[in-house]
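Counting convention: from 1, in listed order, for ligands and their atoms alike. Any value given below was found using the heavy atoms of this structure, including those in side chains, with hydrogens, waters and symmetry copies removed.
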Amino acid sequence: MMQFARVVDAYEKIEATTKRLEMTELLVGLLRDTPKEDLDKVVYLTQGRIHPDYEGIELGLAEKMVMRVLAHATGLEDARVMRLWKEKGDLGLVAQEAIGARRQKPLESSPLTVSTVYQHLDAIAREAGEGSQERKIRLLSELLGNATPREAKYVVRMVVGQMRLGVADMTIVDALAATFATKADRARVERAYNVSSDLGEVARVLAPKGIDGLNEIHLKLFRPIRAMLAERLETLEAIFERMGKAALEYKYDGLRVQAHVSPKKIELFSRHLENITVQFPEIVDGLRSAVRDRAVIVEGEAVPVDPNTGEFLPFQEVSRRRGRKTDLDRMSKEFPVTLFTFDCLLRGEEDLMGRPYTERRKALEAILKPTEGIRHSTVRVTDDVKQAESFFDEALQAGCEGLMAKALDSTYDAGARGYQWIKFKKEYSAALSDTIDLVIVGAFAGRGKRAGSYGALLVAAYDEEEDLFRTTCKLGTGFDDETLLALPDRLKAARRDRKPVRVDSRLEADIWFEPTTVLEVRGAELTVSPIHTAAWGAVRPGAGLAIRFPRFTGRWRDDKGPEDATTTKELLEMYRLQLKQTKKGSVALA
Ligand code: ATP
């Protein structure tokens with residue numbers, strides 16, 4: 001039986017050092033002293049948790065509640081405990097002092113073992129439902145009743161979810177390798193961690209079976225793996241120099257999702273391995289019909305899409321979907337996300353992580369039939385800088401942040417950041433500081449909540465030289481319900497059956513308008529676009545300028561005639577100014 005006091009000894013020394021090597025040695029000493037059956041528990045406690053992240057079993061008791069327990073367990077007055085808390089700012093230190101000064105010592109107390117501490121903490125974390133508060137309080141009081149002051153410090157830090165040891169997961173990996181194998185085997189230990197996302201599991205296998213035992217740790221359905229990460233380079237030339245011919249994918253600006261799919265169950269995990277299944281019912285539904293009945297693990301980026309314009313929305317619209325089920329359902333209808341899948345790690349029984357990118361991509365396309373809400377990432381294989389540049393422009397126009405280049409022969413390296421994937425983004429400057437006045441030239445029929453009205457407007461800038469109105473974006477955001485309902489009436493007189501001669505558009509609107517009405521728009525920035533015709537060919541042949549994330553400010557510019565709207569020449573000047581402001585952007589687009 002391992003005494004908790006031994007663990008606390010090590011923790012105090014670890015806390016006192018800032019050197020990673022010293023920390024590792026202290027940990028190795030601790031792991032060597034730990035009996036096999038307690039090893040996983042010691043590893044979890046050192047991580048400041050009691051289960052791997054993805055199980056979502058959290059401690060995190062409210063500080064107020066812990067203070068009440070402390071007062072109760074020590075016989076100190078609430079006010080004194082509160083004073084200590086204000087003084088020290090660390091509830092662990094408060095516990096240490098309070099337990100040291102306690103009035104009533106428990107009649108019977110036995111030294112805490114690792115196993116007792118772990119079981120109590122586990123029980124506290126799992127308590128739920130009616131009366132659970134009281135039971136948590138009782139469990140914690142019991143634990144503190146038997147704790148020495150030093151032990152109390154760590155018990156309390158654990159329950160409030162603030163261990164403060166400063167031990168990184170990778171330091172634990174180092175220590176496990178050094179304890180049960182050699183330093184040279186570190187990579188294998190890390191691999192086992194990256195695939196299982198569970199250091200306790202790694203310890204459970206290592207201790208009895210040694211390093212070769214780790215071969216049995218495989219990709220497993222419903223246990224997330226640590227995400228493969230990308231390096232960054234500043235130019236497309238540099239990317240091709242490194243990779244040669246590469247797969248370029250749109251880099252979507254959303255939330256990374258790892259989807260585990262079986263015919264019976266679907267679970268979604270975030271980049272941080274949290275289970276986010278309930279937050280995205282539309283992805284779960286989509287996958288159910290997109291995946292042909294087999295077990296798969298796929299990865300993708302979830303992006304909110306305006307159902308009316310089909311355009312991407314800033315991710316803040318759904319970034320932390322929380323709350324009750326009815327709210328989640330409503331949000332998933334109002335701003336549904338589309339999942340753009342880009343990788344496939346498991347197909348049936350087959351682990352694809354060690355296969356080259358091209359093969360995984362093929363597998364992805366074979367097992368997943370795109371639907372409206374589940375699509376494949378847009379990809380182009382090339383080694384030509386010019387082609388890559390126009391693909392980059394298309395990506396920005398589509399509402400993406402840039403490109404992700406992937407080496408064609410690269411395996412999926414879980415948890416690793418390397419040059420097998422390279423991100424190439426444009427850094428955005430602050431929002432376009434000026435508002436822009438644009439002319440309504442068309443509209444698209446509304447869907448969903450906007451059925452019967454317009455879903456989005458097609459708006460244009462004025463080309464003085466040619467006396468034409470050239471489109472620059474679809475506008476669907478910033479209208480309240482009332483304004484929206486009134487739109488058809490407001491625009492009735494300007495309505496035309498076909499595109500008016502002074503309108504230059506590559507898009508086919510559902511309804512056309514004679515350019516008459518001007519409104520004020522704010523956007524995030526200007527991008528090069530093959531779809532919109534404003535300043536056509538001025539920046540790049542075959543492309544115009546578009547506004548990213550346009551929003552109606554609410555202000556109708558009835559004081560302006562259509563020829564008083566922002567001109568395409570002004571848009572071009574704004575674009576050039578924006579390039580100067582964002583050095584990186586100018587490198588990217590130069
Ligand atoms: P990182 O994830 O590399 O630590 P970060 O969180 O700041 O950095 P980014 O720099 O934006 O993210 O780039 C990486 C992320 O881009 C990925 O984690 C993923 O969520 C997202 N992404 C979007 N499109 C793709 C794609 N086609 N392939 C891979 N990742 C993509």
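- Salt bridge annotation for Arg361-Glu249: present, with a cationic side-chain nitrogen under 4.0 angstrom from a carboxylate oxygen.
- Annotation: Phe340 is not in aromatic contact with Tyr250 [ring centroid separation under 6.0 Å not met].
- The nearest pair of heavy atoms linking Tyr357 to Lys406 is CE1-CD, 3.6 Å.
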Quick one: table the atom pairs, ligand 1 N or O against protein N or O, below 3.5 Å, distance rounded to 0.1 Å.
residue: ligand 1; atom: 2 (O); partner: Arg271; partner atom: NE; Å: 3.1
residue: ligand 1; atom: 2 (O); partner: Arg271; partner atom: NH2; Å: 3.2
residue: ligand 1; atom: 3 (O); partner: Arg417; partner atom: NH1; Å: 2.8
residue: ligand 1; atom: 3 (O); partner: Lys423; partner atom: NZ; Å: 3.0
residue: ligand 1; atom: 4 (O); partner: Arg271; partner atom: NH2; Å: 2.6
residue: ligand 1; atom: 4 (O); partner: Arg417; partner atom: NH2; Å: 2.8
residue: ligand 1; atom: 8 (O); partner: Lys423; partner atom: NZ; Å: 3.2
residue: ligand 1; atom: 10 (O); partner: Lys423; partner atom: NZ; Å: 2.6
residue: ligand 1; atom: 10 (O); partner: Lys425; partner atom: NZ; Å: 3.1
residue: ligand 1; atom: 11 (O); partner: Lys251; partner atom: NZ; Å: 2.6
residue: ligand 1; atom: 11 (O); partner: Lys425; partner atom: NZ; Å: 3.2
residue: ligand 1; atom: 13 (O); partner: Lys251; partner atom: NZ; Å: 3.2
residue: ligand 1; atom: 16 (O); partner: Lys251; partner atom: NZ; Å: 3.3
residue: ligand 1; atom: 18 (O); partner: Arg256; partner atom: NH1; Å: 2.9
residue: ligand 1; atom: 20 (O); partner: Glu301; partner atom: OE1; Å: 2.5
residue: ligand 1; atom: 24 (N); partner: Tyr252; partner atom: N; Å: 3.1
residue: ligand 1; atom: 27 (N); partner: Glu249; partner atom: OE1; Å: 2.8
residue: ligand 1; atom: 27 (N); partner: Tyr250; partner atom: O; Å: 3.0
residue: ligand 1; atom: 28 (N); partner: Lys406; partner atom: NZ; Å: 2.8

(request) Take Thr371 and Arg288 through the side chain to side chain donor-acceptor pair (under 3.5 Å) test and state the conclusion after the steps. (result) CA-CA 10 Å; Thr371 63; Arg288 202 168 281 133; over 6 Å; no
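- Two rings, from Phe312 and Phe549, have their centers 6.0 Å or more apart.
- Salt bridge present: Glu201 and Arg204 bring a charged side-chain N and a carboxylate O closer than 4.0 Å.
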